[in-house]
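These numbers were taken from a predicted model, which means no experiment stands behind them. Counting convention: from 1, in listed order, for ligands and their atoms alike. One-based numbering along the sequence shown.
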Amino acid sequence: MGRRAKNKQGDPRPIADAKENYGKPSQKKLGKRKADADSDEVTKRPAKKARESLPKEDKKSSKGKGKKVAFAVEDTSAPSKKIKTKRKEPVEEEEEEDDGGEGWENVEDEESLKAHTKSLFNDSDDEGFVGDLDDLEVEDDDLLQGPVQELEFSSDDEELELAPSRTKGKKSKQHERPSKIIPTGSDDSSDSDEDDEDEDGPITGANMEARSRALDAKAAREAELDALEMQQAAVVGEDDDEFADVDDVDMDGEGEGEGDAEGFHLPTAEERDEEKKNGGPDVHTVQRRMRECVRVLGNFKKLAAPGRSRPEYVQQLISDIASYYGYNDFLAETLFQLFPVAEAIEFFEANEVPRPVTIRTNTLRTRRRDLAQALINRGVNLEPIGKWTNVGLQVFESSVPIGATPEYLAGHYMLQAASSFLPVIALGPQPGERVLDMASAPGGKTTHMAALMQNTGVVFANDATKARTKSLTANVHRLGCKNVVVCSYDGREFPKVMGGFDRVLLDAPCSGTGVISKDASVKTNKSERDFTLLSHLQKQLILCAIDSITPDSKTGGYLVYSTCSVTVDENEAVVDYALRKRPNVKLVDTGLEFGVPGFTKYRGKVFNEKVSLTRRFYPHVHNMDGFYVAKFKVEKRQKAKGKADDEDTAAVQGETAEEAQEDVEFDSDEDRPYLEEAKRKRMKAKGLRPPPRSKPVERAPATVSATA
Ligand SMILES: C[S@@+](CC[C@H](N)C(=O)[O-])C[C@H]1O[C@@H](n2cnc3c(N)ncnc32)[C@H](O)[C@@H]1O
């Protein structure tokens, strides 16, 4: 099991329990909170208290308005189903009493359990099972130890270990479950009828699944609408005032002008410095101040103290967010700016909660319903993730370590974050194709692609970090993928190494700001410079990925670019850059049924309007890791009409692979310092002495302009 993941995503926790993890100080910054923690209950679990003491979201009142937003993240769990297994733990019996009468409680004997499972995991939506259990080649014990994790870059696909659950004695599992992963457009089709029935029909085993999905779909629609509206509000507001946000957020639902501002004083810059010198205020003060700042920023004209500006409140809030949640100031500000004020708090709160544990059925070895049955028999409480995936299962509770079951060892499933399914679904590799996974370790997506291709064609699974290809190879073997070739090149060497691919996945090395709930070190271990360097690496990689695809592909010609980060510089800015540098590619719909459209404008930058076809996924909206997916179609290169507007355009006409590679080279002033820095690093790594740094070129700050 991954060292890191082991500590990060444990057993699926009920939202109530998960709250106890809130405010678990990140090593560096929250020592203060820890120290306070001894004094009383509030400081022990600051975030939890914050959630409890702060106004809760009123989903209904916010519906369709996107105005009233909560400080705290609500448990949006849809009513869950329960699977009663043959193995009866005391806790199960207790639950039965609590939740008796639900449809699932009727599933008592093995036969009905099987029938029930069958209906739940309707085979019709399962990918074809193309393997044979007798085929299993589990010869090498080492391969069964699970992947070695070497975490240089953030990855969403860590192998997660679900420790045996210790929830005996808890009253109701309904309340223990984490909220479901928000799906699904396809659910929409069936939900209208079911919505109607919601009001009057009793919940039975037969309708439980459908009704649960209808509720999920409804929640998804509402959440996405809210997020979209808030995103739009942010963009509109941006034009007037850099710090403008939703002006009418009513944090406490008490109505305009009211609230608990009494006695609240927004510190001046000097007072803030003084406060910092003295070790900062106690956690109660920080909480209260955050709440007040959010409230005031939600209705600034009415609630602001005379003479105090919006940026002052914003600065105070960002500073408090940084200290309360344990981020460095740069990252706190970068993430804060992505959302309207109140939504930003939801995002930070969601980062304190583990995401649901999910697994992906390996259809090369088994079928989802057979896997589900086998795991249920071992005491695993699970259900399908949602209609949007026919291979995913969400694990709610398990009495066995989910990363060490015989089924796991035999490669029947991959422990994989739900968000990681998305780029592969978007790419849709076809049997017989030639596919490149440019940054592939530890292979969650590679093995998914191999399964979709039914072990035909070929997947070149590349990763620059040699050590990480060990875990990649182990997973490829464990899951029985026979169409995978593992290699280790810097992605920027493609297509020189090889080209002519039908499809390429570039799941790029990134900062991991989408997976903070798994890896809290991201909060503090990345500087502004790291983000800039990453963005440049991503830009170089995406051009190489594009150039590795053959526009002549009969079946494909697609690139999917994805990251487990939510920053604009690593996502929309990279995609926009690729569109500008490679006129022969265009963005196409990802085909994903949910997700928030990518930004087309962001803090003064204007991107290609088609960037709205890309999709963002957020922990507080979709209950998944933060993620980004863009899909490109690569077309034949046209002869440029007239003079090319940048030197790259000319270079792409009728070029050879070698020329295309040259084309990837960065030669603008913008890129030169980063190229030099990368070159220095490479030389150092080889034990060579790098040349002295050249003087930085003075230039006006670049703004990204829209292209047609
Ligand atoms: C987000 S992870 C990939 C996760 C993987 N796609 C999966 O699904 O399991 C990014 C990977 O990029 C690799 N990487 C970093 N720089 C690279 C480069 N220049 N070329 C190719 N791979 C690179 C890292 O070693 C890391 O394994």
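- Polar contact check, Cys564 against ligand 1: no nitrogen or oxygen pair lies under 3.5 Å apart.
- Using bins of under 30°, 30° to 60° and over 60° for the plane-to-plane angle, the ring pair Phe348/Tyr325 lands in the parallel bin.
- Close contacts between ligand 1 and Pro442 involve ligand atoms 9 (O) [criterion: under 4.0 Å to a heavy atom].
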Go through it in stages, so that I can follow the logic: the residues are Thr563 and Phe627, the test is side chain to side chain contact (heavy atoms under 4.5 Å, CB included), and I'd like the CA-CA distance, side-chain angles, deciding distance and then a yes or no. CA-CA 6 Å; Thr563 70; Phe627 216 82; over 6 Å; no

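- Under the 4.0 angstrom criterion for non-hydrogen atoms, Cys510 is not in contact with ligand 1.
- The minimum heavy-atom distance linking Phe531 with Lys526 is given by the pair CE1-CB, 3.5 Å.
- Checked against ring-ring contact (aromatic ring centres under 6.0 Å, His included), Tyr558 has no partners two or more places apart in sequence or in another chain.
- In terms of polar-atom proximity, defined here as any N/O pair under 3.5 Å, Leu537 makes no such contact with ligand 1.
- Arg368 and Pro384 get closest at one heavy-atom pair: NH1-CB, 3.7 Å.
- Checking only distances, Asn462 never comes within under 3.5 Å of ligand 1, N or O to N or O.
- Using a 4.0 Å cut-off between heavy atoms, Arg468 contacts ligand 1 through its side chain alone, with no backbone atom that close.
- Residue-to-ligand polar distances place Ala464 within reach of ligand 1: an N/O pair is separated by less than 3.5 Å.
- For Ala508, no nitrogen or oxygen atom sits less than 3.5 Å from a nitrogen or oxygen atom of ligand 1, counting backbone and side chain alike.
- Within the listing of ligand 1, atoms 18 (C), 19 (N), 20 (N) sit less than 4.0 angstrom from a heavy atom of Asp490.
- Heavy-atom proximity to Met438, at under 4.0 Å, picks out these atoms of ligand 1: 21 (C), 22 (N).
- The salt bridge (Lys or Arg N to Asp or Glu O under 4.0 Å) check on Arg360 picks up nothing, with sequence neighbours excluded.
- The shortest non-hydrogen separation linking Pro423 to Lys445 is CG-CE, 3.6 Å.
- The backbone of Ser440, and not its side chain, has at least one atom closer than 4.0 Å to an atom of ligand 1 (non-hydrogen atoms only; backbone = N, CA, C, O).
- Any N or O atom pair closer than 3.5 Å counts here, and Asp437 shares no such pair with ligand 1.
- With contacts defined as side-chain heavy-atom distances shorter than 4.5 Å, the pair Ile425/Trp388 qualifies.
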